[in-house]
**Student:** 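Sharing a structure below in C-alpha cells format, with a few things to ask.
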Number of protein chains: 2
Amino acid sequence: MAGLGRYVDVLRLFDTTTSGGAESWSVVAMASALGAPASTLYRTVRELTKAGFLEQAVDAQYSLGPAFIEYERLLRINDPLVRTGRGILVDLVRQAGLPCVALMARLYNGEVMCIADEAAPGTDFHSSYERGRPMPMTRGATSKIILAHRPSRELTKLIGPRAATVQLRKELQAIRRAGHIVTASEIDPGLTGIAAPIIAADPGASASLTLVVREEALDEATRRRLVLLVVSAASLLAEEIRGAQAAPPPAEEEKKVPHRVQVTSSKSKRRKD
Amino acid sequence: MAGLGRYVDVLRLFDTTTSGGAESWSVVAMASALGAPASTLYRTVRELTKAGFLEQAVDAQYSLGPAFIEYERLLRINDPLVRTGRGILVDLVRQAGLPCVALMARLYNGEVMCIADEAAPGTDFHSSYERGRPMPMTRGATSKIILAHRPSRELTKLIGPRAATVQLRKELQAIRRAGHIVTASEIDPGLTGIAAPIIAADPGASASLTLVVREEALDEATRRRLVLLVVSAASLLAEEIRGAQAAPPPAEEEKKVPHRVQVTSSKSKRRKD
DNA sequence: CACAAAATTTTCTAAAAATGATAATTATAG
DNA sequence: CTATAATTATCATTTTTAGAAAATTTTGTG
C-alpha cells in the first residue's frame, strides 16, 4: 500500500462502527490485521503518533490521537456550512419550544453524515443521527431529503440504476416536490424527523436540516408549525451561505494567484474513482 | 518531504490560528506556500480529498473535509478520558448551579488543549479554552494545574531549564501541594478558572478539570463550594478511568496477541524527536 | 458557440523512500 | 535479575515519488 492509503488503513482499524474495528490496538495486532510485517507497522504508527493522529496508552496499546479534535475545531470554525449552521440550530430548537434535537447532515462517502447537532435543554432522548456518524442513505427524513435533491444521474451511483429503484425514485420525486419530509420511526422508534433541504450550491442540495421530536408530541397544529419552522430555517441558512460566498472575506494581500468564481456543473469523465 | 509529513504539511495550511493559515486554498497557492511544484500538490491534494481530509468547494478552492468530524466522533466515543469526562462535565455544571463552563484539557504537542467542554444552560460567556484549541502552557488555571503535576525532568522540555524558570517552578510546586488552583482573569478578563488535576496514570496528571465562572459570582462561600466540587469531580473521574482500565471490555476471541498491563515510567533515550 | 485562461491530469525517468527480514536495543513483569 | 515483550536500527531490494513539460478538461467571457 502506497501514499496516504497506508496511513488511512491504520486509522480505519479504529472505526468501531465497522466489524474488525476496535478502540485500541497493539502494533503487532495491527500488523496481523493488515497483513503487513510488524517492522513496517512500527514505522507507520510512529509517524502517525508524532503527528497526533494516534497516541500510545499506558500499555502498548494505541488509539486515535488528539489531533482529530484540533482539526475538527478548525473545520467547525472555518467551514461555512458548519459555522453558519450551528447558530441556526440553536435558534431552531429555541423556536421549536419543545424537547427536540436539531441537526444538519450532508453527503459523505456514499452515506449521510450529521455534521452539527443541538438538543433543546431538557431533551430526554437522542437521535441516531449524531455528529460524525455516517448513516444509511435511503432511510430517515434527514437522508431522504438529500437524496431527493440530487440529480438523477448521481442517484444511479448512490442507490443503483433507475430500473432497480423505481419505487424509491418515485418517492424521492414526491419529497422533492413537497420541499420537505416528515418521517416517523424510520430510524429511531418513537421519534419523528422533520427535514428540509439546504440548497446553497448549484447541483441540488447536498445537505439537510432536520428537527427530531417525540412522535407523541406531534399533533397536527404542531406538525404544521414545525414544518414551516424547519423549511424557513433551511432557506435562511442556504441564503446566508450563498451570501458568504458572494462576499468573500477582506482581501489578503499575498494573493498572487487569481481565483475564478463559478457554479459547479461538472460532467467530467477524467477520473474513475 | 517524505511520508506522512507531506500530507500534514498541506493540512497545516488550514490552521487559521497560525499566521499563514487560511480556511481555503487553491492548489497553486498551496504549491507556492510550500515551495513545491503544482503537479506534485495536485497529486497530494487528490489523495487527501479522496480520503475526506480535504474537500473541494464550488470554485477551485479546497478546505478541510468531513473525515475529521467522523474521526473526532470515534475518539469522543472511544477515548476513555473524553467518554467518561463528558458525563462528569454535565454533572459538574448542574451541581455548580450558576452560569459556568466546565472543561477538560490535556497536554498536546507542548501546549494544553481542551478536549471536552460543557456550558451550563443560560451561560452568557465563553471560555478561551474551547474544544480543540491549543492554549499556552504557563497561563490559566487549566494549564498550570497540569504543569504542576508533571515530573520535573519533563518541565525542562516544556518550559525550559530549571535555572531559567525558578519563579514559575516555585509557583507550580505550591499549586501541586494545594491540589487545585483558582486564577482570575489570566486568560479571559472577568472570568475565573477553578482547576483540579486528573491523576489517572502514573507519571502525574497530564489532564485537568476546570470550572470557569464570572469573577463577580465568586463570593468566598461559593468559591469554597466550587473548589470542593471540582476537586472531587476530578478525583471521581480519575477513579472511573483507572477502573475502566483495570476491568477491560469483554474479551475478544481473535486476540492472538497477548497484551501486557503495565505502568509507564519511561526513561528511554532512544528517540530524540 | 468559440476562444482564452485556468484547473487538473498524464507521462516519464532520475532520485528518493518504503519494504521487510533480521539483529540489536530497551522496557517491563515477576 | 531474568525472560519476554516492545520497539528501534540496519540495509539491500523493490517500489514510489518528485518534478518538468505536455496534454486535457473545465469554465468564464464575448
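Here is how names work: the chains are called A, B, and so on, in the same order as the sequence lines, proteins then strands, and each is numbered from 1.
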**Student:** Counting side-chain heavy atoms from CB outward, which of D:dT7, D:dA9, C:dA18 is closest to A:Y62?
**Tutor:**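 For A:Y62, the side-chain atoms sit closest to D:dT7.
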**Student:** Just how far, in rounded Å, is C1' of D:dT26 from CG of B:D59?
**Tutor:**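 Value for this atom pair: 13 Å.
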**Student:** Would you mind reading off the distance between A:M1 atom CE and D:dT14 atom C1', rounded to a whole angstrom?
**Tutor:**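 Between C1' of D:dT14 and CE of A:M1: 17 Å.
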**Student:** Quick one: B:E47 CD to C:dT10 P, roughly how many Å, whole number?
**Tutor:**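 Those two atoms, CD and P, are 13 Å apart.
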**Student:** Between D:dA20, D:dA18, D:dT7, which nucleotide has the shortest distance from any of its atoms to the side chain of B:T40?
**Tutor:**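 Of D:dA20, D:dA18, D:dT7, D:dA18 is nearest to the side chain of B:T40.
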**Student:** Quick one: B:R43 CZ to D:dA21 C1', roughly how many Å, whole number?
**Tutor:**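 It works out to 13 Å between those atoms.
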**Student:** Output the single nucleotide from C:dA21, C:dT10, C:dT8 whose closest atom is nearest the side chain of A:S39.
**Tutor:**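 Ranking C:dA21, C:dT10, C:dT8 by closest atom to the A:S39 side chain puts C:dA21 first.
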**Student:** Select from A:V27 and B:R6 the residue whose nearest nucleotide in DNA chain D is closer to the 5' end of that strand.
**Tutor:**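 Result of the comparison: A:V27.
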**Student:** Send over the distance from B:Y7 OH to D:dA18 C1', rounded to a whole Å.
**Tutor:**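 Value for this atom pair: 12 Å.
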**Student:** Grab the CD-C1' distance between A:Q56 and C:dA27 for me, whole Å please.
**Tutor:**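 Spelled out: CD on A:Q56 to C1' on C:dA27 is 11 Å.
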**Student:** Distance-only, no hydrogens or angles: does the A:R83 side chain make a donor-acceptor pair with backbone N or O of A:I77 under 3.5 Å?
**Tutor:**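 Answer holds: yes.
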**Student:** Just the rounded figure in Å: distance from C1' of C:dA24 to OH of A:Y42.
**Tutor:**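 Rounded to the whole Å, the gap is 14 Å.
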**Student:** I want to verify a distance call: between C:dT10, D:dT8, C:dA17, whose nearest atom is closest to the B:A2 side chain?
**Tutor:**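 Between C:dT10, D:dT8, C:dA17, the one nearest the side chain of B:A2 would be C:dA17.
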**Student:** Under 3.5 Å, is there a donor-acceptor pair between the side chain of B:S26 and the main chain of B:A29?
**Tutor:**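 Confirmed, B:S26 side chain pairs with B:A29 backbone.
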**Student:** Separation of A:R46 atom CZ from C:dT25 atom C1', in whole Å?
**Tutor:**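 Spelled out: CZ on A:R46 to C1' on C:dT25 is 13 Å.
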**Student:** Checking A:S143 side chain against A:T138 main chain: does a donor-acceptor pair fall under 3.5 Å?
**Tutor:**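 No; judged by distance alone, with no hydrogens or angles, the pair does not exist.
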**Student:** Please assess A:R162 against A:S152 for the test side chain to side chain donor-acceptor pair (under 3.5 Å), listing each intermediate value before the final yes or no.
**Tutor:** CA-CA 9 Å; A:R162 188 182 299 267; A:S152 174; 2.7 Å; yes
